Amino acid sequence: MKDQLHALFSQAINTLKSNQVIPTDHQVNLVFERTRQKEHGDFACNIAMMLAKPARKNPRELAALMVEALPSDPLITKVDIAGPGFINVFLASDAHTSVLKAIFDKSDQYGLGKPNSKQKIMVEFVSANPTGPLHVGHGRGAAYGDALARVLTAAGNQVEREYYVNDAGRQMDILAVSVFIRYLQAMGLSVDLPDNGYKGQYVINMGASLAQQHGNKYIVSIDDIVKARSNLEDEAALDATIALTKERLGAKGYKLFFDLALNSILDDIKQDLSEFGVDYDTWYSERSLFDSGKIERAVEKLKASGDVYEKGGAWWFRTTDYGDEKDRVVVRDNGQPTYFASDIAYHQDKLDRGFDLAINVWGSDHHGYIPRVKAALQALGLDQNRLNVLLVQFAVLYRGGEKVGMSTRSGEFVTLRELREDIGSDAARFFYAQRKSEQHMDFDLDLAKAQNNENPMYYVQYAHARICRLFENAVGQSIDVTNLADADFDQLGNDQESTLLTALQRFPEVVEKAAQHFEPHQITYYLKDVATAYHSYYNSNKVLDTEEPRRKAMLALSAATKQVIYNGLTIIGVRAPESM
RNA sequence: GCGCCCGUAGCUCAACUGGAUAGAGCAACGGCCUUCUAAGCCGUAGGUUACAGGUUCGAGUCCUGUCGGGCGCGCCA
């Protein structure tokens with residue numbers, strides 16, 4: 001539709017250029033917008049205002065010349081000049097009803113771009129440390145990341161989802177030691193869990209199951225640390241405890257605790273996300289970057305190019321050369337690579353895998369990290385624009401009007417699983433998907449749990465279910481509901497019908513725009529618009545009581561609406577129920 | 001102190017990415033169920049878009065400053 005308008009207006013502009021009204025070398029960027037009000041027609045074009053200056057004419061005068069030069073076309077019934085110089089285009093009714101044919105032709109492909117016709121994109125999201133169950137904060141990243149992946153796919157991109165598993169860091173060691181201490185406790189020993197260990201119930205459970213499985217096989221003393229701890233700083237005590245545990249248990253014994261902790265939590269996370277409707281193509285292990293030597297090679301390469309230098313026994317990356325605030329350590333003075341070193345190798349590997357674009361969905365607390373990762377890509381000779389980091393702001397949780405603390409180590413948090421069990425995956429996904437990523441979000445748990453009316457998802461789903469019931473009733477009354485695509489669409493045209501038709505017509509544009517700006521929330525708002533248009537229509541038009549042939553056209557419009565709601569909800573990852 | 005994000009109706013959020021009279025839901029008020037699902041519809045009320053300047057035909061949107069909130073500023077991950 002916009003393409004056709006574009007072609008017609010381009011002709012007009014060329015005419016004006018050849019008449020010397022507009023400078024011939026001037027670049028013209030034609031934009032058509034849907035109007036907000038019916039009196040302004042279907043589309044508005046602001047081109048006359050844009051060209052007013054180069055053409056040295058006032059906008060309304062220029063608009064008049066433009067309209068004059070516009071070739072006539074059956075698509076357009078009327079063209080108005082309004083306001084400061086908008087050109088308002090009124091479309092023929094065929095132009096409205098033609099959308100129905102498109103919907104029947106393409107059904108579940110309507111609104112979607114040609115598959116794999118655009119970029120190859122990776123979306124990496126959630127990637128929470130496997131040190132505990134996912135909480136509702138991760139839920140936002142999961143819902144946003146997955147909806148984004150779906151929107152990008154819908155727009156015609158080839159998309160892969162990835163979860164980066166931080167299975168190599170200190171946090172994992174802290175977890176393993178926490179499990180070990182819970183194991184000792186389960187065996188009846190009196191050992192205290194350090195204050196900064198992992199305190200969740202799931203750690204106790206793991207310790208207990210290990211005790212049951214292996215008995216006293218792994219009981220070793222770490223009392224010396226416990227006794228000495230009062231002399232150490234908290235974090236230092238923890239590191240000492242880790243070191244001693246490794247030493248006393250031996251590599252094999254330690255690995256048992258480590259792997260059990262890692263695998264059981266990772267399995268839990270996978271299942272949790274899968275039940276949330278989020279399925280990944282790859283689970284990328286940080287440890288594999290060590291094992292494959294990719295980290296070492298990346299660091300060597302940076303040393304060779306002079307981007308990494310030695311100072312105070314550690315190796316520093318000259319990120320300041322690429323706009324970062326200060327240089328960053330990649331290899332510590334004890335020879336251990338930092339998390340940043342893994343991340344350099346990881347992002348290099350990502351781009352080496354041939355993605356046109358890698359999108360990272362990160363929590364906003366990681367924003368300071370972006371410059372150094374981009375610096376690394378540049379230093380490695382990669383185009384930093386191939387990496388796009390999208391920040392998701394924290395959801396601040398409220399319960400009973402009070403803020404709820406969120407700390408994985410302390411074990412005080414609301415899990416994603418609890419939320420899903422309270423309100424269901426669909427409602428949770430829709431609720432999260434409504435917000436754009438950088439918008440701060442207050443999450444009232446009482447409201448979320450009590451949420452019936454409050455969640456607009458029900459409103460959208462209800463429209464879908466209503467249409468399903470309408471068709472059941474039609475069949476029950478032996479009304480012919482076949483070959484709706486052949487209905488006489490000229491039978492449609494009252495206010496509610498044209499509002500609805502316009503809404504249905506917008507769908508492809510909305511999908512495209514949502515993908516372009518990484519804004520899946522646009523789909524949810526669009527769906528609410530469609531649902532509103534349909535509910536309103538439904539209330540004042542009794543479909544089944546209407547005489548043929550109009551009734552068939554009304555059924556066609558209803559079926560088309562149902563299809564669009566289904567397609568839209570699928571993009572958000574929410575089911576479209578047949579009944580409610 | 002420096003950096004990033006945010007500030008829109010009583011509350012939670014939109015606003016086609018610079019367009020025309022800033023819109024929804026919830027909460028409030030008034031109507032609509034013997035007729036296809038009332039988880040719905042129709043209507044009323046609610047705004048100096050934090051504040052002050054600037055850019056231009058045109059600003060909630062861009063720039064500068066101020067105020068307020070969130071988050072960062074480790075040889076943690």
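What's counted below: heavy atoms across the whole structure, side chains too, no hydrogens, waters or symmetry copies. None of these values were measured; they are calculated from a predicted model. Below, read A as the first sequence line, B as the second, and so on, with proteins coming before strands; counting in each chain starts at 1.
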*asked:* Go nucleotide by nucleotide along RNA chain B from the 5' end; which of A/Glu578 and A/His517 gets its closest nucleotide reached first?
replied: A/His517
_5'-most by nearest nucleotide on RNA chain B - A/Gly368 or A/Ala531_ = A/Ala531
Under 3.5 Å, is there a donor-acceptor pair between the [X] and [Y] side chains?
X	Y	result
A/His40	A/Gln37	yes
A/Gln496	A/Tyr538	no
A/Lys199	A/Ser178	no

*State whether A/Phe431 and A/Arg435 meet the cation-pi test: NZ (Lys) or CZ (Arg) under 6.0 Å from the six-membered ring centroid, and within 45° of the perpendicular axis.*
yes
*A/Asn473 vs B/U35: side-chain N/O to OP1/OP2 distance below 4.0 Å*: no
_A/His521 vs B/A15: side-chain N/O to OP1/OP2 distance below 4.0 Å_ = yes
Roughly how many Å apart are [M] and [N], using the [atom1] atom of each and rounding to a whole number?
N	M	atom1	answer
B/C2	B/G60	C1'	28 Å
B/U66	B/G3	P	10 Å
B/U61	B/U55	P	15 Å

*At what distance, to the nearest 0.5 angstrom, does NZ of A/Lys294 lie from OG of A/Ser288?*
6.5 Å
*Enter syn or anti for the glycosidic conformation of B/C57, syn applying to angles within 90° of 0.*
anti
*Would you find more than 12 non-hydrogen atoms of other residues, nucleotides or ligands less than 6.0 Å from A/Gln477 atom CD?*
yes
_Within the supplied structure, the quantity of interest is the number of heavy atoms (other residues, nucleotides, ligands) at a distance under 6.0 Å from A/Arg318 CZ; does it exceed 12?_
yes
*If you measure from the Lys or Arg side-chain nitrogens to the Asp or Glu carboxylate oxygens, is any gap between A/Lys246 and A/Asp173 under 4.0 Å?*
yes
_Any carboxylate oxygen within less than 4.0 angstrom of a Lys/Arg side-chain nitrogen, looking at A/Lys303 and A/Glu310?_
no
*Take atom CD1 of A/Ile523 and atom C1' of B/C16, then tell me their distance rounded to the nearest Å.*
13 Å
*In whole angstroms, how far is the C1' atom of B/C36 from the CD1 atom of A/Ile479?*
9 Å
Categorize [X] for me: base, sugar-phosphate, or nothing, with a 4.0 angstrom heavy-atom threshold over every strand shown.
X	result
A/Asp173	nothing
A/Ser579	base
A/Met441	sugar-phosphate
A/Ala474	nothing

Can you classify the ring geometry of [X] versus [Y] as parallel (below 30°), tilted (30 to 60°) or perpendicular (above 60°)?
X	Y	answer
A/Tyr164	A/Tyr284	tilted
A/Tyr534	A/Tyr537	perpendicular
A/Tyr309	A/Trp316	parallel

_Donor-acceptor under 3.5 Å (A/His138 side chain, A/Val126 main chain)_ = no
*asked:* Given 3.5 Å as the limit, does a donor-acceptor pair link the side chain of A/Thr319 with the main chain of A/Lys326, or not?
replied: yes
Every protein N/O within reach of nucleotides 75-77 of chain B N/O, cut-off under 3.5 Å:
| unit_1 | atom_1 | unit_2 | atom_2 | d |
| --- | --- | --- | --- | --- |
| B/C75 | O2 | A/Asp333 | N | 3.1 |
| B/C75 | O2 | A/Asp333 | OD1 | 3.1 |
| B/C75 | N3 | A/Asp333 | OD2 | 3.3 |
| B/C75 | N4 | A/Gly312 | O | 3.3 |
| B/C76 | OP2 | A/Arg332 | NH1 | 3.2 |
| B/C76 | O5' | A/Arg332 | NH1 | 3.1 |
| B/A77 | OP1 | A/Arg332 | NH1 | 3.4 |
| B/A77 | OP1 | A/Arg332 | NH2 | 3.1 |
| B/A77 | OP2 | A/Arg332 | NH1 | 3.4 |
| B/A77 | OP2 | A/Tyr339 | N | 3.4 |
| B/A77 | O2' | A/Asn129 | OD1 | 3.3 |
| B/A77 | O2' | A/Asn129 | ND2 | 2.8 |

*A/Asn541 and A/Asn494: CA distance, side-chain angles, deciding distance, side-chain hydrogen bond (donor to acceptor under 3.5 Å, both in side chains) verdict*: CA-CA 10 Å; A/Asn541 295 270; A/Asn494 67 32; 3.1 Å; yes
Below 3.5 Å is the cut-off: list the nitrogen or oxygen pairs between protein and nucleotides 29-33 of chain B, distance only.
none

*Given the rule in the side-chain hydrogen bond (donor to acceptor under 3.5 Å, both in side chains) test, do A/Asn166 and A/Glu286 qualify, once you have shown the distances and angles that lead to the verdict?*
CA-CA 5 Å; A/Asn166 295 123; A/Glu286 182 186 0; 3.3 Å; yes
Please list, pair by pair, any protein nitrogen or oxygen found under 3.5 Å from a nitrogen or oxygen in nucleotides 3-9 of chain B.
| unit_1 | atom_1 | unit_2 | atom_2 | d |
| --- | --- | --- | --- | --- |
| B/G3 | N2 | A/His367 | NE2 | 2.4 |
| B/C5 | O2' | A/Gln393 | NE2 | 2.9 |
| B/C5 | O2' | A/Glu438 | O | 3.2 |
| B/C5 | O2 | A/His440 | NE2 | 3.0 |

Look for any protein N or O under 3.5 Å of an N or O in nucleotides 19-24 of chain B and output each such pair with its distance, or none.
| unit_1 | atom_1 | unit_2 | atom_2 | d |
| --- | --- | --- | --- | --- |
| B/G19 | OP2 | A/Glu33 | OE2 | 3.4 |
| B/G19 | N7 | A/Asn46 | ND2 | 3.0 |
| B/A20 | OP2 | A/Arg36 | NE | 3.2 |
| B/A20 | OP2 | A/Arg36 | NH2 | 2.8 |
| B/A20 | N6 | A/Asn88 | OD1 | 2.6 |
| B/A20 | N1 | A/Asn88 | OD1 | 3.4 |
| B/A20 | N1 | A/Asn88 | ND2 | 3.2 |

Would you give me the side-chain donor-acceptor pairs under 3.5 Å for residues 45-67 of chain A, sequence neighbours excluded?
| unit_1 | atom_1 | unit_2 | atom_2 | d |
| --- | --- | --- | --- | --- |
| A/Asn58 | OD1 | A/Arg60 | N | 3.0 |
| A/Asn58 | OD1 | A/Glu61 | N | 3.0 |
| A/Arg60 | NH1 | A/Gly83 | O | 2.6 |

*Any stems for RNA chain B, made of 3 or more Watson-Crick or G-U pairs in a row, each with both distances under 3.5 Å?*
B:1-7 with B:67-73, B:10-13 with B:23-26, B:28-32 with B:40-44, B:50-54 with B:62-66
